[in-house]
Asker: 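Just dropping this structure here.
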Amino acid sequence: MRVSGILPDAFVFPIVIKALGTRGVWLHGHVVKMGHGGDCFVRNAVMDMYARHGPIEFARRLFDEMSERMVADWNCMISGYWRWGDEVEADKLFGSMGVRNVITWTAMVTGYSKRGDLVSARRYFDQMPEKNVVSWNAMLSGYAQNGFAEEGLELFNEMVSGGGVQPDETTWVAVISSCSDRADPKLANSLVNMLKEKNVRLNGFVKTALLDMYAKCGNLAAARKTFDELGTFRNVVAWNAMISAYTRVGDLKSARELFDRMPRKNVVSWNSMIAGYAQNGESAMAIEVFKEMINSKDTKPDEVTMVSVISACGHLGALELGNWALNYARKNQIPTSISGYNAMIFMYSKCGNMKDAERVFHEMERKDVISFNTLITGFAAHGDGLSAVNLMWKMKEYGFQPDRITYISVLTACSHAGLLEEGKKVFESIGAPDVDHYACMIDLLGRVGKLDEAKRLIEKMPMAPHAGVYGSLLNASRIRKRIDIGEFAAKELFRIEPENSGNYVLLSNMYASMGRWNDVERIRGEMKTGGVMKTTGWSYVEYNGKLHKFIVGDTSHERSKDIYKLLMELRKKMKLAGYMADKESVLRDVEEEEKEEMVGTHSEKLAVCFGLLVSEPGAVIRVVKNLRVCWDCHEAMKIISKLEGREIILRDNNRFHSFHNGLCSCKDYW
DNA sequence: ATAGGGTTAG
């Protein structure tokens, strides 16, 4: 072998081996043959190659065979063990070393950081006899990558105020990344100013980190400007960061545009797009993109992909699709993270399958607070308040502290199940209840009929009530027909969120149920003059593993004609059976809307009719609606379930309504 | 060194 016309010597070999990476293995033989095996630098390079690329045991054998070891030999072995996840051996070597240098200590800091053990990392960092910029960077990056933004920024302050070292580009990347986590525009600004003052040269990493920081701190324009000016630094990471920047603010169109335009995609690109759709209520699109990803074949889904996909299936109530996705993951040996299991719990409970949700929960070797919260929320949606409360008290036995979401979920569960005493106990056990917990408690009081107590609690709140608080009160007032309190709540709501049509509809329905048609007209008029639009949402039915979606007045479905035909037949049957007369006030809206060529037919009714058309007689029809179930629909579902002898399970955003033989499982709802 | 994931809500 020849390099530059001369035989490679001990100086060249280490460089060549390093440059070759894994492919350096074949050089090992040459080294021995040519007699350089005895040179300590060559030996170190070969050992390091095995420590980096494996097998680590080969490195260890070379290490053990050495009669004399340099500090670098020890350091390479320690880093190697950390790389292969062997904390015990790394620790052992560190403990048995004679002389350590700054690299040794830094390796320990990096090792513990990578494992997420920031406390141990910091212990080593603090004990270091001397620190250089790499040591500081190791600690700062550790904090940044593990979400300890606060600690990272604090340490950075220490570094610049008295650390005795100058930050380099790696430092800035870590600090900027911590700032991104904090999502604090002021801090971002001061960082940018600091960069200007110090006249820091910005490399590609720093620029991309800045892009991400701008985006996460709410300055989309600056992010885009940075992206456009990246030039040769505009790699796949920058594209992905920009895509996420758009999905974060719900601009799916711009995100998709970039996604379609980017020259190369990796798994993160796909995951960003899928998660972007999933997080913005476009679950069906999320699944479409997932299918595209599978078909494209050049990028394989990973565990992050599956989390979004499974969650999307949950939102859609698409059980067949969800099971197909889980099957795909199993067949392709995609590992399941805690988030993955949590998504499964979510999916099963959103599909009405609490047995499997509980099974997954109990099968999990490691759980986190979200696992508990998700299952508790599932119980809440199914009206199983006691299971929710019990699981919350059990959390503490498992060593988990309920967080604010736990309390929201469990109070919601109490509310749906009418568990006043249990709910009060839970509320009192919260150290410092926030405004959402008050909202839940007011909802609970309202639903059990204690409206005056609910109003008094609002007056006693230590913070300003938000719309949710008054919304709960208005809803309860409607159920209990307490027009006085209802008007009070509505007045506040019209002030806080004048654009929300739901409040107008709620109050209007309240008047309607009391036959106060003049007031109904008045509210509708106010809605019109205020320019308030009625919100609409999609309804979904899963059939044969495919999703069928409907929107109010939908005529785009291929079976649309049959659906409307069935709808009219049902209406005739309902009239013949005498339902329409009894429920005249209830169904007034339907009649009006359907007179207008059925333009206003609610999406869930269309979905149910489609279900009736395509499914086996007697089969359960499952519908998922994106918004809350409408009042007249609720009544109509009861009737249809009886007329057709079918069970209809309807899930709105957060709870299940099972209609069977003219009855509904959610008695308090309407 | 820079990019992606799960839970709450009238």
Side-chain angles (χ1 to χ4, degrees), chain A residues 137-138 140-141 144-145 168-177 180 203-213 215-216 230 233 235-245 247-248 266-276 278-279 302-312 314 337-347 349-350 368-378 380-381 403-413 415 435-437 439-440 442-443 446-447 466-476 478 489 493 497 500 502-503 506 628 653-655:
Chain A
N137 290 347
L140 288 168
S141 304
Q145 283 163 6
D168 68 3
E169 279 147 327
T170 308
T171 317
W172 289 112
V173 169
V175 174
I176 292 168
S177 161
S180 308
N203 66 12
F205 286 104
V206 181
K207 281 184 178 169
T208 310
L210 274 173
L211 185 171
D212 192 50
M213 181 187 76
K216 286 183 176 148
L230 272 175
F233 293 136
N235 61 10
V236 65
V237 177
W239 283 89
N240 293 345
M242 201 60 227
I243 288 171
S244 299
T247 62
R248 201 172 293 120
N266 63 11
V267 64
V268 178
S269 323
W270 288 96
N271 291 350
S272 305
M273 206 57 238
I274 292 172
Q279 289 162 357
D302 65 5
E303 72 232 72
V304 178
T305 323
M306 298 319 294
V307 171
S308 295
V309 171
I310 300 294
S311 164
S337 59
I338 291 193
S339 303
Y341 285 112
N342 291 343
M344 284 165 70
I345 297 173
F346 176 75
M347 196 262 294
S349 77
K350 280 280 184 187
D368 64 9
V369 178
I370 297 181
S371 321
F372 283 86
N373 291 352
T374 309
L375 190 59
I376 288 174
T377 307
D403 64 7
R404 52 178 300 279
I405 292 181
T406 317
Y407 290 125
I408 292 173
S409 301
V410 77
L411 286 173
T412 306
S415 188
V435 64
D436 290 324
H437 301 130
C440 292
I442 283 147
D443 189 60
R447 278 185 198 271
H466 61 198
V469 174
Y470 292 115
S472 291
L473 192 64
L474 175 58
N475 195 38
R478 189 185 46 72
L493 282 169
E497 39 170 37
N500 186 340
N503 303 322
L506 225 50
R628 295 174 67 204
N653 272 350
N654 50 52
R655 66 186 298 197

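Proteins get letters first, then strands, A, B, ... in listed order; numbering begins at 1 in each.
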Asker: Touch check for E303(A), heavy atoms < 4.0 angstrom, all strands: base, sugar-phosphate only, or nothing?
Answerer: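 Contact class for E303(A): base.
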Asker: With heavy atoms under 4.0 Å as the rule, sort L375(A) into base, sugar-phosphate or nothing.
Answerer: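 Counting heavy atoms under 4.0 Å across all strands, no contact is made by L375(A).
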Asker: Using a heavy-atom cut-off of 4.0 Å across all strands, would you classify T377(A) as base, sugar-phosphate, or nothing?
Answerer: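 It contacts sugar-phosphate atoms only.
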Asker: What pairs with F372(A) under ring-ring contact (aromatic ring centres under 6.0 Å, His included), at least two apart in sequence or on another chain?
Answerer: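 F372(A) satisfies ring-ring contact (aromatic ring centres under 6.0 Å, His included) with F361(A), Y398(A), F400(A) only.
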Asker: What is the nucleic acid contact for A380(A), judged by heavy atoms within less than 4.0 Å: base, sugar-phosphate only, or nothing?
Answerer: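 Here A380(A) touches no strand at all.
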Asker: So if I take every side-chain heavy atom of K350(A) and compare against dT8(B), dA3(B), dG10(B), which nucleotide ends up nearest?
Answerer: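 Within the option list, the nearest is dT8(B).
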Asker: Using a heavy-atom cut-off of under 4.0 Å over every strand shown, decide if T171(A) touches base, sugar-phosphate, or nothing.
Answerer: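 The residue T171(A) makes no contact with any strand.
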Asker: Would you mind classifying the nucleic acid contact of N137(A) as base, sugar-phosphate or nothing, using non-hydrogen atoms under 4.0 angstrom?
Answerer: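 If one applies the 4.0 Å heavy-atom cut-off, N137(A) turns out to touch nothing in the nucleic acid.
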Asker: Look at all strands and tell whether T208(A) reaches a base, only sugar-phosphate, or nothing, counting heavy atoms closer than 4.0 Å.
Answerer: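 It contacts base atoms.
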Asker: Which pair of heavy atoms, one from K350(A) and one from G314(A), lies closest together, and at what distance?
Answerer: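 For K350(A) versus G314(A), the nearest heavy atoms are CB-O, 3.2 Å.
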Asker: In whole Å, what is the span from the OH atom of Y470(A) to the C1' atom of dG10(B)?
Answerer: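 Between C1' of dG10(B) and OH of Y470(A): 14 Å.
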Asker: Name the nucleic acid region contacted by N203(A), choosing base, sugar-phosphate or nothing; use a 4.0 angstrom heavy-atom cut-off, strictly under.
Answerer: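 Base contact.
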Asker: Applying side chain to side chain donor-acceptor pair (under 3.5 Å), name anything that partners T377(A), two or more places apart in sequence or on another chain.
Answerer: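 Expected list: S409(A).
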Asker: Would you classify V369(A) as touching base, sugar-phosphate or nothing, given that sugar-phosphate means primed atoms plus P, OP1 and OP2, and contacts are heavy atoms under 4.0 Å?
Answerer: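 Here V369(A) touches no strand at all.
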Asker: Using a cut-off of less than 4.0 Å, is there contact between a side-chain N or O of Q279(A) and OP1 or OP2 of dG5(B)?
Answerer: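 Checking Q279(A) against dG5(B): at least one side-chain N or O falls below 4.0 Å of OP1 or OP2.
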Asker: Assess whether one donor atom and one acceptor atom, taken from the side chain of N266(A) and the base of dA3(B), lie less than 3.5 Å apart.
Answerer: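 When only heavy-atom distances are counted, N266(A) does reach the base of dA3(B) through a donor-acceptor pair under 3.5 Å.
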Asker: Are any of S311(A)'s side-chain N or O atoms less than 4.0 Å away from OP1 or OP2 of dT7(B)?
Answerer: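 Yes, such a contact exists.
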